[in-house]
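Note sheet for the following structure.
Order of the sequence lines fixes the chain letters, A, B, ..., with proteins taken first and strands second; residue numbering starts at 1 for each chain.
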Amino acid sequence: MFVLLASEKTGRASLAVAGLVFRKAGAAGTIAVYLFAQPRRRGAIDRMTIQQLLSLRVQAALAAAGAPDTPAVVQASSKPEFGDFQANGVMGAAKALKTNPRALAQSVVEHLDLTDIADKVEIAGPGFINIHLAPAFLAARLQAALDDAALGIRKPAAQKVMVEYSSPNLAKEMHVGHLRSTIIGDAIARVLAFVGHDVTRCNHVGDWGTQFGMLVAYLVETRQSGDAELELADLENFYRKAKVRFDEDPVFADTARQYVVRLQGGDAEVLALWKQFVAVSMEHCQAVYDKLGVGLTLDSVRGESAYNDDLPVVVSDLRAAGLLVEDQGAQVVFLDEFRNPEGDAQAMIIQKKDGGYLYATTDLAAVRYRHRALDLKRVIYVVDARQSLHFQQLFTLSKKAGFAPTDMQLEHVAFGTMMGDDGKPFKTRSGGTVKLVELIDEAIERAYALVSEKNPALAEDTRRSIAAAVGVGAVKYADLSKNRTSDYIFNWDTMLAFEGNTAPYLQYAYTRVQSVFRKVGDFDASAAVVIDAAAEKQLALHLAQFDEVIESVASSCQPHQLCAYLFTLAQQFSRFYEACPILSAEGATRASRLQLAALTARTLRTGLDLLGIAVLDEM
RNA sequence: GUGCCCGUAGCUCAACUGGAUAGAGCAACGGCCUUCUAAGCCGUAGGUUACAGGUUCGAUUCCUGUCGGGUGCGCCA
């Protein structure tokens with residue numbers, strides 16, 4: 001059996017073939033032959049997704065049928081009876097050409113060359129083209145994925161990308177408000193790195209501002225009384241007490257204000273105290289990141305204070321560019337792009353009338369730094385949706401002022417608020433702010449109770465480590481599996497359920513696959529994939545679409561697409577597992593099913609890892 | 001007042017950015033375990049996609065308006 005996959009140059013409708021790679025893929029004698037477009041980097045797989053491949057073919061057929069430059073609109077079929085993929089571009093083309101869509105579809109199909117890719121191509125409805133993939137073609141795709149450490153993921157030209165996320169204010173302890181940015185940002189960073197980009201993770205922490213004067217003043221007090229260590233252990237409390245002192249004692253408040261001035265003036269003594277406080281606060285954050293399994297470290301940190309020296313320069317440069325005007329004593333930029341119904345341009349304050357700077361100033365300086373010093377091509381800001389106006393203004397002004405080139409991708413990846421069961425922002429029973437570390441601990445504790453109940457036979461420390469993976473995974477997955485732009489309801493019971501679209505279900509699905517391999521004994525890890533039964537075909541089809549999902553997540557920054565994919569994969573595997581015995585099968589069938597199971601396991605593990613969720617061999 | 005986001009099954013959410021009969025999961029009901037983990041699988045039921053218009057071969061998706069919710073809107077971040 002020979003399987004030939006043509007590889008066309010991406011973005012062109014031509015059939016230019018740039019290279020040939022042969023790979024011996026199976027002991028049974030199957031050789032998967034697939035062609036690559038020009039390899040840009042050594043070892044990088046540059047292969048199209050099935051959707052891209054079909055799009056080019058259909059597009060070429062459309063051109064041949066008299067409809068050039070027409071999008072093929074290829075997508076996975078909405079129902080199994082409509083084949084595996086459908087091309088919907090004919091209807092639109094027929095309208096533009098004022099011809100009968102069915103007739104055009106007929107002509108397109110006649111010009112459509114899907115030899116070795118499709119079994120059957122049919123026209124349905126007003127002009128849909130339904131494509132049924134050939135099992136051997138699917139098998140070859142899976143074989144390629146099995147042979148590749150990155151599961152056949154296409155590696156585009158690496159782009160210098162920054163993901164800015166988490167970014168807590170160091171004056172206080174991290175709370176639930178930081179959870180979404182931290183989780184979503186980390187998943188995005190992982191996915192971008194996985195597809196081969198040069199990713200910088202940036203933790204743009206709030207380490208500057210007037211409240212630090214107050215905190216330093218209180219730090220001096222607690223040190224004098226010898227309580228500093230103890231007090232700093234609970235930053236939330238520390239802040240609260242400092243605030244009380246500030247509000248109640250005018251002498252203390254005065255000292256605090258002096259510290260702000262000294263801090264801004266670069267006074268060495270106060271600076272040292274500030275650094276000490278910042279370091280302690282960062283330790284708290286790092287403990288949370290470690291517990292969450294988030295890839296932020298001290299190296300990722302570049303706080304607001306890093307831009308202090310550049311802020312006056314930003315102001316003078318904006319003035320020199322003729323963008324800055326004084327208004328009511330403040331230095332302001334009026335942006336024509338943002339006007340109210342009366343026609344007034346919206347103001348963006350760059351410098352307060354007292355000379356102080358604002359976060360808009362810092363963000364402008366950061367954009368410029370990221371372009372000039374880091375040469376980033378894309379910066380992703382994973383920040384609460386409520387700041388969308390700020391980012392629109394920031395991006396607009398950055399480009400207008402030449403701080404960022406017009407082709408630099410500046411993206412606000414916004415997300416909604418985390419709500420409680422009552423549909424209101426998530427709080428403690430008494431209405432207080434929920435500390436992030438306490439939320440994580442509770443998740444682990446709840447998972448431990450569940451695991452102990454379901455599987456009491458396991459050793460204590462095994463249950464503890466399962467609980468950590470399940471608890472943290474559940475919290476992350478509950479967040480990541482929903483469209484980030486809307487608010488979402490946080491509910492312990494639904495996220496920790498072992499049935500339904502949850503992390504525990506996916507982790508369990510993984511252990512089911514692993515249990516097969518625990519019992520298998522010897523097997524051929526390079527056996528040929530042969531697709532026969534319906535459940536095998538459905539599973540294979542889904543496995544072959546992993547690259548599509550990953551690419552989509554990398555461009556849209558929507559991790560919920562990956563979650564949906566993994567959930568469907570787990571379901572497809574369960575159906576396959578139910579319908580197709582693996583270990584009791586024989587010969588080539590058994591070997592092939594083991595390959596399907598192996599690829600499922602790797603895909604689940606890789607996908608969950610990209611979401612920052614750990615897998616387990618047993619639960 | 002105005003900008004942005006949202007309104008989909010009882011509940012929590014999808015719908016690949018304009019495609020076919022709007023899909024999953026919970027919850028409900030009915031089946032399947034001496035056979036690789038039943039934490040599973042199969043099936044039934046559940047909808048005027050807030051409402052009213054418009055655009056077109058085709059609308060949950062785009063446009064206009066109404067109602068309802070969230071959130072932002074010059075010296076906080």
Distance between C1' atoms of rU61(B) and rG23(B) (Å, rounded)
15 Å

Watson-Crick/G-U partner (both atom distances under 3.5 Å) of rG72(B):
rU2(B)

Any idea which of rG19(B), rC36(B), rU21(B) is nearest the K79(A) side chain?
rU21(B)

Could you tell me whether the side chain of N130(A) has a donor or acceptor atom within less than 3.5 Å of a complementary atom in the base of rA20(B)?
yes

With rounding to whole Å, what would you report as the distance between rC29(B) and rU35(B) at their P atoms?
27 Å

Quote, to the nearest angstrom, the C1' distance that separates rC41(B) from rU21(B).
25 Å

Under a 3.5 Å cut-off for both distances, is rC33(B) Watson-Crick or wobble paired, and to whom?
none

With heavy atoms under 4.0 Å as the rule, sort Q561(A) into base, sugar-phosphate or nothing.
nothing

Does Y359(A) make a side-chain donor-acceptor contact with the base of rA77(B), cut-off 3.5 Å?
yes

Strictly below 4.0 Å: does K352(A) bring a side-chain N or O up to OP1 or OP2 of rG74(B)?
no

Show the numbers, then the answer: is there a side chain to side chain contact (heavy atoms under 4.5 Å, CB included) between L318(A) and L364(A)?
CA-CA 10 Å; L318(A) 287 174; L364(A) 281 166; 4.1 Å; yes

5' priority, RNA chain B, between A509(A) and A76(A) [closest heavy atom]:
A76(A)

Starting from the C-alpha separation in whole Å, work towards a yes-or-no answer on side-chain hydrogen bond (donor to acceptor under 3.5 Å, both in side chains) for N501(A) and Y477(A).
CA-CA 9 Å; N501(A) 189 6; Y477(A) 191 85; 2.5 Å; yes

Side chains of Q392(A) and H412(A): is there a donor and an acceptor less than 3.5 Å apart?
no

Stacking check F128(A) vs rG19(B) (5.5 Å / 30 deg)
no

Which part of the nucleic acid does F567(A) contact within heavy-atom distance under 4.0 Å: base, sugar-phosphate only, or nothing?
sugar-phosphate

So, K537(A) and D84(A), do they make that salt bridge, N to O below 4.0 Å?
yes

Return the 5'-most residue of the pair E618(A), K95(A) with respect to RNA chain B, ranking by each residue's nearest nucleotide.
E618(A)

Heavy atoms from other residues, nucleotides or ligands near NZ of K482(A) exceed 12 (cutoff 6.0 Å)
yes

When you measure only distances, ignoring hydrogens and angles, does the side chain of D327(A) come within 3.5 Å of the base of rG74(B) through a donor and an acceptor?
yes

N/O (side chain, R518(A)) to phosphate O (OP1/OP2, rC36(B)) under 4.0 Å
no

